[in-house]
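Here the structure is a predicted model, which means the values were calculated and not measured.
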Amino acid sequence: MQINRSILCTNTCNMQPAGRTAKDIRYIVVHYVGALGDAKANCQYYASSSVGASAHYYVGFAGDIWQSVSDQNIAWHCGTYGTYYHPDCRNANSIGVEMCVRKKNASTLYASDTDWYFEKETIEAAAGLIRELMEQYGIETDHILRHYDVTHKICPAPFVHNPKAWEDFKTLLKTEDRSAKVNYVAAVESPDGILMLRTGPGTSYPSVGSAKTGTVVNVRREYPNGWRYCRYYDGGGKLWEGYMGGAYLKPCPDYPHMIVKSPDGILNMRKYPHPTGEFIIGLRNGYNVGVLQDAQNGWKLLLCGDSFGYADGAYLTEVGGYQSWTGKITGGNLRIRTEPVNGDIRYVLADGTLLEITGEIMGSDGYIWYQVKKDGNAIGCCRSDFVRKI
Ligand SMILES: [Zn+2]
């Protein structure tokens with residue numbers, strides 16, 4: 001996106017020099033200029049006159065973008081001597097974006113007039129600019145505000161008179177999620193011993209925690225830029241979720257599997273390796289669980305379908321402990337997938353086909369999935385509700 005910075009305002013009567021960084025910039029406030037001038041003319045005005053007001057960006061009628069105040073400095077666009085209606089957003093922690101505006105009847109220029117409107121080019125360019133700023137500073141959509149939301153000033157008039165237009169504008173800010181859903185296990189392997197956990201997929205997003213090298217991580221989503229959405233436990237039993245750089249996550253697919261075998265038929269999975277840990281889910285006898293790591297007192301960190309947590313290893317038995325049995329596909333053709341729920345479809349087997357059931361696993365869809373063999377070969381897994389025991 002091209003941003004013209006040739007008329008930057010250095011006039012400290014219109015802005016406050018500050019050394020703001022990403023952590024200081026938490027909001028973007030959208031305005032309309034409230035007059036009929038174009039973006040360049042606005043920039044020239046604020047660079048040459050002491051008016052005690054300013055904004056960081058002006059978006060013109062043709063979609064041209066002019067920067068007036070550098071992001072690191074504080075512009076005066078949403079302050080008031082009156083009442084603030086937003087608890088947190090102020091000039092000091094926001095970026096102001098002014099949109100140039102048209103009016104059907106230009107004989108009056110009152111904010112209360114309802115015939116103000118934006119050119120399509122202005123709307124699209126403003127959305128593009130704001131998307132870039134969101135990415136750069138790690139700002140989420142709920143921190144994109146109208147000036148109205150901060151002080152109740154009728155600004156930007158087209159988005160205050162028509163709240164639906166504001167909602168439509170905000171849908172333009174949602175960046176397309178091109179991540180892929182995955183579910184595998186990796187270990188942190190970082191040259192400096194720790195890997196930061198961030199609020200978004202990139203180093204521009206604030207860090208909220210860090211994991212030591214060796215931490216076992218359940219990877220949930222993969223992003224095209226190499227980032228991963230992950231979850232892991234720290235030693236204190238807190239479950240952390242967020243984004244990590246995939247370059248420092250080493251996939252470890254070769255963990256052992258065991259079978260749940262509990263005297264009362266259910267093994268409780270918890271968030272901490274102790275009977276007082278917060279309950280996650282009951283694992284039924286016969287479930288096939290991935291054993292990722294040993295924890296204290298014989299407990300183990302497990303992955304079972306979508307469920308990730310600790311259980312007492314005393315109630316797990318070797319995979320051979322599952323008494324395999326013969327089932328018959330009943331009620332229609334049945335898809336055999338590489339893994340439960342979202343795995344690739346490997347075969348479609350006809351109603352009446354006989355299968356050997358060699359294990360069970362809880363899918364993220366809430367169904368039990370069977371691990372199956374056909375003619376002695378492991379072929380994948382299938383949903384359990386289309387298989388009858390014979
Ligand atoms: Zn405003």
Side-chain H-bond candidate by donor/acceptor type, [X] with [Y], under 3.5 Å:
{"X": "T80", "Y": "H152", "answer": "no"}
{"X": "Y184", "Y": "E222", "answer": "yes"}
{"X": "Y57", "Y": "D71", "answer": "yes"}
{"X": "W66", "Y": "N42", "answer": "no"}

Could you state whether V69 and V97 fall into the same hydrophobic cluster, counting links through intermediate Ile, Leu, Val, Met, Phe, Trp or Tyr residues with side-chain heavy atoms under 4.5 angstrom apart?
->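 In one cluster: no.
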Full working for side-chain contact (heavy atoms from CB on, under 4.5 Å) between V341 and W369 | CA-CA 8 Å; V341 191; W369 287 67; 4.0 Å; yes
Within the structure provided, determine whether [X] and [Y] are in side-chain contact (heavy-atom separation under 4.5 Å).
{"X": "V217", "Y": "R228", "result": "no"}
{"X": "Q72", "Y": "D24", "result": "no"}
{"X": "Y84", "Y": "R90", "result": "yes"}
{"X": "Y137", "Y": "I95", "result": "yes"}
{"X": "L133", "Y": "I139", "result": "no"}
{"X": "I194", "Y": "M196", "result": "yes"}
{"X": "I361", "Y": "I368", "result": "no"}
{"X": "Q67", "Y": "L129", "result": "no"}

Can you check whether Y255 and H257 have ring centres sitting under 6.0 Å from each other?
->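 Under 6.0 Å, so yes.
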Would you please indicate yes or no on a ring centroid separation below 6.0 angstrom for Y233 and F308?
->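 Here the rings of Y233 and F308 have centres that are less than 6.0 Å from each other.
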Calculate, to the nearest 0.5 Å, the distance between atoms [atom1] and [atom2] belonging to [X] and [Y] respectively.
{"X": "N288", "Y": "C304", "atom1": "CG", "atom2": "SG", "value": "7.5 Å"}
{"X": "T122", "Y": "M99", "atom1": "OG1", "atom2": "CE", "value": "6.0 Å"}
{"X": "M269", "Y": "L267", "atom1": "CE", "atom2": "CG", "value": "8.0 Å"}
{"X": "S210", "Y": "M244", "atom1": "OG", "atom2": "CE", "value": "8.0 Å"}
{"X": "S94", "Y": "H77", "atom1": "OG", "atom2": "NE2", "value": "3.0 Å"}
{"X": "R270", "Y": "Y310", "atom1": "CZ", "atom2": "OH", "value": "14.0 Å"}

If I compare all heavy atoms of [X] with all of [Y], which pair ends up nearest, and what's the gap?
{"X": "F118", "Y": "P156", "result": "CZ-CB, 3.9 Å"}
{"X": "C381", "Y": "Q371", "result": "CB-CA, 4.1 Å"}
{"X": "C382", "Y": "V387", "result": "SG-CG2, 4.0 Å"}
{"X": "L249", "Y": "P251", "result": "O-CD, 3.4 Å"}
{"X": "N91", "Y": "R20", "result": "O-NH1, 3.3 Å"}

Got a list of side-chain donor-acceptor pairs under 3.5 Å for residues 331-340, not counting sequence neighbours?
residue	atom	partner	partner atom	Å
N333	OD1	D351	N	3.4
R337	NH1	G343	O	2.8
T338	OG1	D344	N	3.0

When you look at N162 and W166, which way does the side-chain contact (heavy atoms from CB on, under 4.5 Å) test go after all the steps?
-> CA-CA 7 Å; N162 182 0; W166 172 240; over 6 Å; no
Before accepting this row, confirm whether a basic side-chain N of the pair D88/R26 lies closer than 4.0 Å to the acidic partner's carboxylate O.
->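 Looking at R26 together with D88, the answer is no, because their closest N to O distance does not fall below 4.0 Å.
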Is it true that R383 and D385 make a salt bridge, defined as a side-chain N closer than 4.0 Å to a carboxylate O?
->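 Judged by the 4.0 Å cut-off on N to carboxylate O distance, R383 and D385 do form a salt bridge.
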Are any side-chain N or O atoms of H147 and backbone N or O atoms of G96, one a donor and one an acceptor, separated by less than 3.5 Å?
->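 It does not hold such a pair.
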Distance-only, no hydrogens or angles: does the S54 side chain make a donor-acceptor pair with backbone N or O of N14 under 3.5 Å?
->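 Here the side-chain-to-backbone pair exists.
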Out of K104, K103, R102, which residue meets the salt bridge (charged side-chain N to carboxylate O under 4.0 Å, His left out) rule with D115?
->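 Among the candidates, only K103 passes.
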Check the pair R220 / N183 against side-chain hydrogen bond (donor to acceptor under 3.5 Å, both in side chains), numbers first and verdict last.
-> CA-CA 5 Å; R220 310 288 296 165; N183 186 16; 3.2 Å; yes
What orientation do Y229 and Y243 show, parallel under 30°, tilted 30 to 60°, or perpendicular over 60°?
->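 Perpendicular.
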Dump the intermediate steps for side-chain contact (heavy atoms from CB on, under 4.5 Å) on R198 and V208, then the final yes or no.
-> CA-CA 6 Å; R198 297 185 182 274; V208 288; over 6 Å; no
Please report the C-alpha distance between E360 and Y370 in whole Å, then the side-chain angles of each, then the deciding distance to 0.1 Å, and finally whether the side-chain hydrogen bond (donor to acceptor under 3.5 Å, both in side chains) criterion is met.
-> CA-CA 5 Å; E360 301 179 21; Y370 289 147; 5.0 Å; no
Tell me, with the steps shown, if Y46 and N11 meet side-chain contact (heavy atoms from CB on, under 4.5 Å).
-> CA-CA 8 Å; Y46 287 99; N11 190 336; over 6 Å; no
